[in-house]
Amino acid sequence: MGASGKTTTIRVELGERGYDIVIGAGLLAEAGWHLKPVMPGRRALIVTDRPVAERYLPELEQSLRRAGIEPEHFVLPPGEHTKSFAQLEALLDDLLGVRPGRDATVIALGGGVIGDLAGFAASILLRGVAVVQVPTTLLAQVDSSVGGKTGIDTRHGKNLVGSFHQPHLVLADTAVLDSLPARELCAGYAEVVKYALIDNPPFFDWLEANGAAVLGAGGANRVAAARERAVAACCRAKARVVAADEREGESRALLNLGHTFAHALEAGSGYALRHGDAVALGLTAALRLSERHLGLDPAVREEVVRVLAPRPVAADRGLARAALARDKKARAGRARLVLLEAPGRPLWDVELPAGEVEDELDALLVDS
Ligand SMILES: NC(=O)c1ccc[n+]([C@@H]2O[C@H](COP(=O)([O-])OP(=O)(O)OC[C@H]3O[C@@H](n4cnc5c(N)ncnc54)[C@H](O)[C@@H]3O)[C@@H](O)[C@H]2O)c1
Ligand SMILES: [Zn+2]
């Protein structure tokens with residue numbers, strides 16, 4: 001059992017594709033016990049990256065063996081470049097090399113990069129095998145490990161090739177966040193703030209008082225409790241949104257608050273910018289537009305700026321604008337954004353003049 005001795009379980013209600021998200025400190029040591037009941041067979045193919053493998057692979061493998069599961073591991077280089085056709089091909093070849101059956105389970109142990117790549121590989125390996133997500137970054141625990149979106153990047157942009165492949169289980173050990181570099185914690189925290197904004201006012205207020213602890217300030221017990229609570233609150237919000245709209249027909253778009261700008265900035269930076277850092281900037285732009293068009297209280301943006309302290313980034317204005325234009329084209333030529341009337345009252349289909357959206361984007365970047 002975890003350091004705090006308790007776990008939180010959240011169900012993603014998707015009928016026969018439904019699954020649990022289990023959250024708690026120390027869960028890695030009992031992973032075998034949680035995984036065994038959801039695995040179709042006994043073979044576990046663990047996909048991870050080097051820094052995560054060094055710290056956490058032995059503990060996970062030990063725990064699986066104790067439960068009678070046979071683990072094998074596949075260690076990839078860290079970084080966004082790993083979400084590529086080349087790495088996908090190499091990984092699939094390596095996975096096939098151990099001759100898995102259709103009852104094998106891929107285990108994604110790592111951040112969003114590993115989760116997206118391993119999830120995609122699982123969805124096409126032998127026409128689809130089970131995947132379990134074991135997220136190890138704040139961003140992956142609060143966002144990317146839940147909801148079933150998988151994929152890789154291409155030279156045309158991020159996440160343009162992929163699939164929907166729901167995991168059989170998400171196991172979020174919040175204790176592993178202790179080793180996460182501060183920059184990665186901050187990037188993940190931008191998604192936490194996003195959930196607080198779209199979810200409900202109590203969560204936003206709670207974050208005002210406890211956000212620093214989520215980021216690691218204060219005693220170990222307080223930090224651990226704050227992280228468990230924040231991850232659970234975000235997963236609860238995401239589970240609700242995904243259950244209502246699995247494939248982003250409509251309301252799942254709520255999760256894109258700030259993301260139209262974030263994706264444009266990421267493209268403009270040549271994908272050198274962390275996703276979470278781009279989201280922090282994108283949120284401030286979305287909130288500014290929300291003040292102008294929906295009467296959002298400016299105090300909300302002031303609080304978000306205080307905690308995320310976003311700074312304009314060096315990016316290519318032309319590339320960023322082109323990404324914005326592509327985004328608009330993908331939405332039948334209309335610039336539609338997620339905006340906020342108040343914390344907990346988002347609207348996902350606000351149509352705005354394109355020029356105004358471009359001006360907001362411009363304010364987020366300095367020429368590179
Ligand atoms: N599928 C989705 O719904 C979804 C949602 C949001 C983001 N994403 C994707 O997620 C990716 C970003 O994920 P990320 O921010 O987790 O980055 P990441 O996976 O690159 O991890 C960041 C770094 O932290 C290291 N790391 C991971 N866990 C650690 C730990 N516990 N201790 C020490 N180091 C650790 C990794 O080795 C890596 O170097 C992007 O590709 C983005 O597109 C996907
Ligand atoms: Zn995001």
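Note that the structure is predicted; figures quoted are calculated from it, not measured.
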Trainee: Heavy-atom distance under 4.5 Å between the side chains of Y271 and D153, does that happen here?
Mentor: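 In short, these two side chains do not touch, never coming nearer than 4.5 Å.
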
Trainee: Contact between R229 and N210 at the side-chain level, heavy atoms closer than 4.5 Å - yes or no?
Mentor: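 With C-beta onward as the side chain, the pair stays apart.
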
Trainee: Between E246 and R17, does any side-chain N to carboxylate O distance fall below 4.0 Å?
Mentor: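 Result for this pair is yes, salt bridge flagged.
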
Trainee: Measuring only between side-chain heavy atoms, which start at C-beta, is H293 closer than 4.5 Å to E356?
Mentor: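 Yes, at least one pair of side-chain atoms sits under 4.5 Å.
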
Trainee: Just grab all the salt bridge (charged side-chain N to carboxylate O under 4.0 Å, His left out) pairs involving residues 201-224, residues at least two apart or on different chains.
Mentor: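 Of all non-adjacent pairs touching residues 201-224, none passes salt bridge (charged side-chain N to carboxylate O under 4.0 Å, His left out).
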
Trainee: With I152, which of N159, L160, L88, T82 fulfils side-chain contact (heavy atoms from CB on, under 4.5 Å)?
Mentor: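 Between I152 and the candidates, side-chain contact (heavy atoms from CB on, under 4.5 Å) is satisfied uniquely by L88.
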
Trainee: Does any part of the side chain of F203, heavy atoms only, come nearer than 4.5 Å to the side chain of N200, both counted from C-beta?
Mentor: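 In contact.
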
Trainee: Closest heavy-atom contact between A213 and A226?
Mentor: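 That closest heavy-atom pairing would be CB-CB, 3.6 Å.
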
Trainee: Anything under 30° is parallel, anything over 60° is perpendicular, the rest tilted; go ahead and classify H263 against H259.
Mentor: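 Geometry flag for H259 against H263: perpendicular rings.
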
Trainee: Could you tell me whether N221 atom CG has more than 12 heavy atoms of other residues or ligands within 6.0 Å of it?
Mentor: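 12 or below, so no.
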
Trainee: Nearest heavy-atom pair of Q133 and A108: which atoms, and what distance?
Mentor: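 Between these two residues, the closest heavy atoms are OE1-CB, 3.4 Å.
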
Trainee: Side chains of I69 and K36: does their closest heavy-atom pair fall under 4.5 Å?
Mentor: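 Side-chain contact under 4.5 Å: yes.
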
Trainee: Check step by step if side-chain contact (heavy atoms from CB on, under 4.5 Å) holds for Q62 and E59.
Mentor: CA-CA 5 Å; Q62 232 173 50; E59 192 177 354; 5.6 Å; no

Trainee: Just by distance, do the side chain of E358 and the backbone of R321 share a donor-acceptor pair under 3.5 Å?
Mentor: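 The answer is no, because no donor-acceptor pair under 3.5 Å joins these two groups.
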
Trainee: I want to check something: taking the side chain as every heavy atom from C-beta on, are L96 and L125 in contact at a cut-off of under 4.5 Å?
Mentor: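 L96 reaches L125 side chain to side chain.
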
Trainee: Quick one: list whatever passes side chain to side chain donor-acceptor pair (under 3.5 Å) with E248, sequence neighbours left out.
Mentor: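 Residues passing side chain to side chain donor-acceptor pair (under 3.5 Å) with E248: K149, N256.
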
Trainee: Do R274 and R183 come close enough that some side-chain heavy atom pair is under 4.5 Å?
Mentor: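 Answer yes - side chains close enough.
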
Trainee: Where is the tightest heavy-atom contact between R50 and P78, given as atom of each residue plus distance?
Mentor: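 Minimum heavy-atom contact is NH1-CD, 4.0 Å.
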
Trainee: Testing L76, I107, L109 for side-chain contact (heavy atoms from CB on, under 4.5 Å) with T48, which one passes?
Mentor: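 The residue from L76, I107, L109 that satisfies side-chain contact (heavy atoms from CB on, under 4.5 Å) with T48 turns out to be L109.
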
Trainee: Which heavy atom in A278 sits nearest to a heavy atom in L273, and how many Å separate them?
Mentor: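 Looking at all heavy atoms of both residues, the shortest contact is CB-CD2, 3.6 Å.
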
Trainee: Is R345 close to L340 at the side-chain level, that is, under 4.5 Å between some pair of heavy atoms?
Mentor: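 L340 vs R345: side chains apart.
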
